[in-house]
Amino acid sequence: MDTVVRFAPSPTGQVHIGNIRTAIFNWLFARHCGGCFLLRIEDTDLERSTRQAIDTLLECMEWLGLNFDGEIMYQTSQKEAHIKAAEQMTAKGLAYAAPAPEGGQSPIFFRIPWDCPDFTSIRETGPAELELHPETPVKIDFTGVGFSTVSKKGAPMPAAACLAGFRQMKLYDGAGNILFELEKNIDDILQGKQSFSINNCVKMTFMRREIFYQDIIKGELSKPLDGIKDLILIRGDGSPIFHLANVVDDITQNVTHIIRGDDHVENTYRHIMLFYALGRKAPEYAHLPMIVNSSGKPYSKRDGDAFVGDFRQKGFLAEALFNYLALLGWSPGDDREKMTKQEMIEAFTLERVKSAPAQLDSNKLLNMNGAYIAEMPFEKFVAYAGKFAGDFLNDKAGFEQVARLMQSRVKQFGQVATWKYFFSDDFPVDEKVFKKQLTPAEVRTALGFLAGELNTCGELTKEWLHTIISTAEESFGIPHGKLFQPLRLTVSGAAGGAELDETIMLIGGSRCAARILRLLEVYQKEVSSGE
RNA sequence: GUCCCUAUCGUCUAGAGGCCUAGGACACCGGGUUUUCAUCCCGGCAACGGGGGUUCGAAUCCCCCUGGGGAUGCCA
């Protein structure tokens with residue numbers, strides 16, 4: 001059978017970075033196997049799902065190159081199939097209508113199967129014994145078993161689980177007498193004909209059974225049935241719940257591998273049983289570790305950085321973000337990091353995915369982005385940078401000249417905003433560096449001298465600039481090379497930038513001269529007012 | 001509370017009992033090239049959470065502890 005995977009997000013706002021990483025892994029896996037990558041939009045939460053969120057999602061996927069196969073499935077369109085599936089299960093005795101809450105309608109519950117000899121995902125693990133709190137009666141009816149165990153301090157600890165978790169269950173009183181045997185009454189209980197409330201139980205014994213499966217990433221995982229409750233399929237208002245919809249849709253779409261976040265591990269046990277109840281073999285599962293923020297916590301709304309749109313807006317390249325995200329929890333096994341999509345597709349296997357959460361390191365992402373930017377074709381770089389230029393793009397030719405100088409220095413297109421000094425005399429000045437650089441009197445004298453020279457010189461050349469700077473250094477007793485920084489600062493307001501000679505040539509001699517004089521004046525004023 | 005998952009430099013990771021004196025990358029710190037910025041090159045700092053086993057030998061297997069995460073919904 002061909003491999004089919006799906007990405008099944010809920011469109012309830014921005015696209016989270018962890019979510020899109022799930023999409024990336026699904027996509028890489030599908031492309032690696034030559035399988036299908038489907039998109040299913042789980043929009044059943046009508047209150048939170050919006051068209052805008054769907055558009056945002058689609059935009060993000062397109063931006064990252066996550067092309068999907070076939071048509072989008074909207075989960076709301078499958079509602080009838082979901083309800084039909086629930087009815088089918090009810091008819092077979094695999095589901096039941098539970099007592100309605102006050103004033104409400106009956107929800108439909110899935111019954112964890114009591115008897116399922118052909119279901120190979122459940123096995124016995126051996127006899128179990130539980131100490132019970134005698135003051136809490138053990139309640140047994142067709143929805144399950146409720147009781148209280150005893151805490152270390154002797155307090156009752158309420159617990160409830162499905163009937164199927166307690167095969168061969170016996171309840172005992174303090175003297176060791178058997179008060180109740182589940183097996184003797186099970187038929188009537190399952191049919192809802194009888195329910196029990198047994199007092200003074202101090203001990204329960206039963207045959208523990210567990211459901212298990214092989215997770216491609218996490219290995220064998222299991223959970224005892226006495227820790228699982230029957231689960232709701234259809235709400236009181238008649239709407240299907242996530243678990244049902246999810247499984248039914250996966251059946252409809254013939255999904256063979258489910259790759260999703262870690263937080264679904266616990267759901268998987270119940271989903272596997274739903275597949276069984278619907279007459280299908282469960283697909284393969286692979287649970288991805290979470291992405292956490294720099295303090296090791298899951299991203300919350302405060303970590304604004306966690307949305308794909310934010311990264312795009314700050315000037316990260318889709319290729320870089322894709323590459324970086326793919327490396328969070330996965331590695332090709334050799335020392336490669338910067339990889340093309342094709343290389344990632346070829347190297348990608350789920351077996352190589354780690355199973356511990358990973359922190360997003362914005363430094364490393366920035367570095368990778370810079371590497372991708374550095375190798376962009378120049379025309380593309382200019383076009384991309386232009387989108388971040390704001391109001392100083394007017395001078396198109398000038399912008400291109402600056403861009404040529406800056407490409408190797410940009411790590412994130414948001415930095416394009418700092419190019420302003422090339423085009424406008426109204427630029428920010430790095431205050432701290434400013435004071436430090438202009439403190440020596442001889443530097444200020446030298447700058448004054450340079451301003452004069454720049455003002456009266458004709459056409460600027462690199463040679464002339466270097467000569468005049470050297471001359472200034474020598475004449476005013478400044479160590480070789482130490483005049484560059486103050487000059488850069490007075491000309492551009494920044495401590496870093498492109499080659500200084502080229503920068504000055506682009507800005508122009510007289511303009512630079514004016515800037516130098518202006519900032520020298522500012523310095524004088526600040527010093528005199530400060531003293 | 002209970003259950004489950006998880007643990008290698010600050011961060012992402014390599015590591016399948018001997019190839020490990022633990023490798024790579026980012027960050028950081030030196031040095032070189034460039035009279036400045038960035039790139040580039042060279043070097044350095046830096047980790048197997050703790051304790052017990054198993055073994056001739058443990059980062060690797062087992063147990064306990066601790067830390068982190070998740071689940072326990074008529075949310076998805």
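Lettering of chains follows the sequences in order, A, B, ..., and the numbering in each one begins at 1. These figures come from a predicted structure and were not determined experimentally.
Nearest nucleotide to the side chain of E337(A), out of U36(B), A76(B), G24(B): G24(B). Comparing C4(B), C12(B), A76(B) by their closest approach to the side chain of L328(A) singles out C12(B). Distance from the side chain of Q359(A) is smallest to C12(B) among C12(B), U72(B), A76(B). The listed nucleotides are G24(B), A27(B), G1(B); the one nearest the side chain of N363(A) is A27(B). Nearest to the side chain of R488(A), among A71(B), G23(B), U36(B), sits U36(B). Comparing U35(B), G24(B), C26(B) against the side chain of H466(A) picks out U35(B) as the nearest. Of the candidates U36(B), G69(B), A76(B), the closest approach to any side-chain atom of R235(A) belongs to A76(B). Side-chain proximity of M157(A) to the nucleotides G1(B), U35(B), C12(B) is greatest for G1(B). Relative to the side chain of A358(A), the nucleotides U35(B), C12(B), A14(B) differ in distance, and C12(B) lies closest. Side-chain proximity of P107(A) to U35(B), C74(B), U13(B): nearest is C74(B).
Rounded to whole Å, the separation between the C1' atoms of U21(B) and A47(B) comes to 14 Å. Nucleotides U54(B) and C20(B) have their P atoms positioned 27 Å apart, rounded to a whole Å. With P as the reference atom, U66(B) and G30(B) are 42 Å apart, rounded to whole Å. Rounded to the nearest Å, the gap between the P atom of G70(B) and that of C64(B) is 23 Å. For the P atoms, the distance from C40(B) to A76(B) is 49 Å, rounded to whole Å. Here the separation of U13(B) from G52(B), taken at their P atoms, is 30 Å to the nearest Å. G23(B) sits 32 Å from U34(B) when the C1' atoms are compared, rounded to a whole Å. For the P atoms, the distance linking C28(B) with U35(B) amounts to 25 Å, nearest Å.
Look at S331(A) and you'll find a side-chain N or O under 4.0 angstrom from OP1 or OP2 of A14(B). Taking side-chain N and O atoms only, S151(A) has no distance below 4.0 Å to OP1 or OP2 of G1(B). One finds a side-chain N or O of K229(A) lying less than 4.0 angstrom from the OP1 or OP2 phosphate oxygen of G73(B). Of the side-chain N and O atoms in N367(A), one or more sit less than 4.0 angstrom from OP1 or OP2 of A27(B). Taking 4.0 angstrom as the limit, R352(A) places a side-chain polar atom (N or O) nearer than this to OP1 or OP2 of G15(B).
Nucleic acid contact for I241(A): sugar-phosphate only, since backbone atoms but no base atoms lie under 4.0 Å from a heavy atom of the residue. As judged by a 4.0 angstrom heavy-atom cut-off over every strand, S470(A) is placed among the base-contacting residues. Looking at heavy-atom distances under 4.0 Å, D334(A) makes no contact with the nucleic acid at all. No contact: G261(A) has no heavy atom under 4.0 Å from any strand. Residue contacts for L365(A): at a heavy-atom cut-off of 4.0 Å it reaches no nucleic acid atom on any strand shown. Using a 4.0 Å heavy-atom cutoff across all strands shown, A498(A) reaches at least one base atom of the nucleic acid. Note on G236(A): a base of the nucleic acid sits closer than 4.0 angstrom, heavy atoms only. G481(A) comes within 4.0 angstrom of a base, heavy atoms only.
Side chains of R235(A) and S239(A): a donor on one and an acceptor on the other come within 3.5 Å. Between the side chains of D361(A) and Y324(A), no donor N or O sits under 3.5 Å from an acceptor N or O. Side-chain contact, D215(A) with Y213(A): a donor N or O sits under 3.5 Å from an acceptor N or O. For the residue pair T143(A)/R111(A), the side-chain donor-acceptor check at 3.5 Å is not satisfied. There is a side-chain donor-acceptor pair under 3.5 Å between E42(A) and N246(A).
If you measure from atom CG of D226(A) to atom P of C4(B), you get 11 Å, rounded to the nearest angstrom. Going from atom CD1 of I291(A) over to atom P of G70(B) covers 14 Å, rounded to whole Å. With rounding to whole Å, E266(A) atom CD is found 9 Å from C5(B) atom C1'. As a whole-Å value, the separation of D215(A) CG from C5(B) C1' is 10 Å. To the nearest angstrom, C1' of U13(B) lies 14 Å from CZ of R336(A). Across the protein-nucleic acid pair, I228(A) atom CD1 and C3(B) atom P stand 15 Å apart, rounded to whole Å. Put simply, CZ on R21(A) is 12 Å from P on C12(B), counting in whole angstrom units. L225(A) has its CG atom 21 Å from the P atom of U2(B), to the nearest Å.
Figure legend. A7(B) is base-paired to U66(B); pairs are counted as Watson-Crick or G-U wobble with both atom distances under 3.5 Å. Base pairing annotation: G44(B) forms a Watson-Crick or G-U wobble pair with C28(B), both donor-acceptor distances under 3.5 Å. Using the Watson-Crick or G-U wobble rule with both distances under 3.5 Å, G1(B) pairs with U72(B).
Counting heavy atoms from C-beta on, the side chains of W419(A) and F399(A) come closer than 4.5 Å. Residues E473(A) and P479(A) are not in side-chain contact: their nearest non-hydrogen atoms beyond the backbone lie 4.5 Å or more apart. Side-chain contact between L274(A) and F110(A): present, with at least one pair of heavy atoms (C-beta onward) separated by less than 4.5 Å.
Between H264(A) and H287(A), the distance from one ring center to the other does not fall under 6.0 angstrom.
Taking for each of P240(A) and L327(A) the nucleotide of RNA chain B with the nearest heavy atom, the 5'-most of the two is the partner of L327(A). Nearer the 5' end of RNA chain B, as judged by each residue's closest nucleotide, is the contact made by V265(A), out of G497(A) and V265(A).
Remark: ring of H264(A) stacked against base of A76(B); centroid gap under 5.5 Å, plane tilt under 30°.
With hydrogens and angles ignored, a donor-acceptor pair closer than 3.5 Å exists between the side chain of K364(A) and the base of A25(B).
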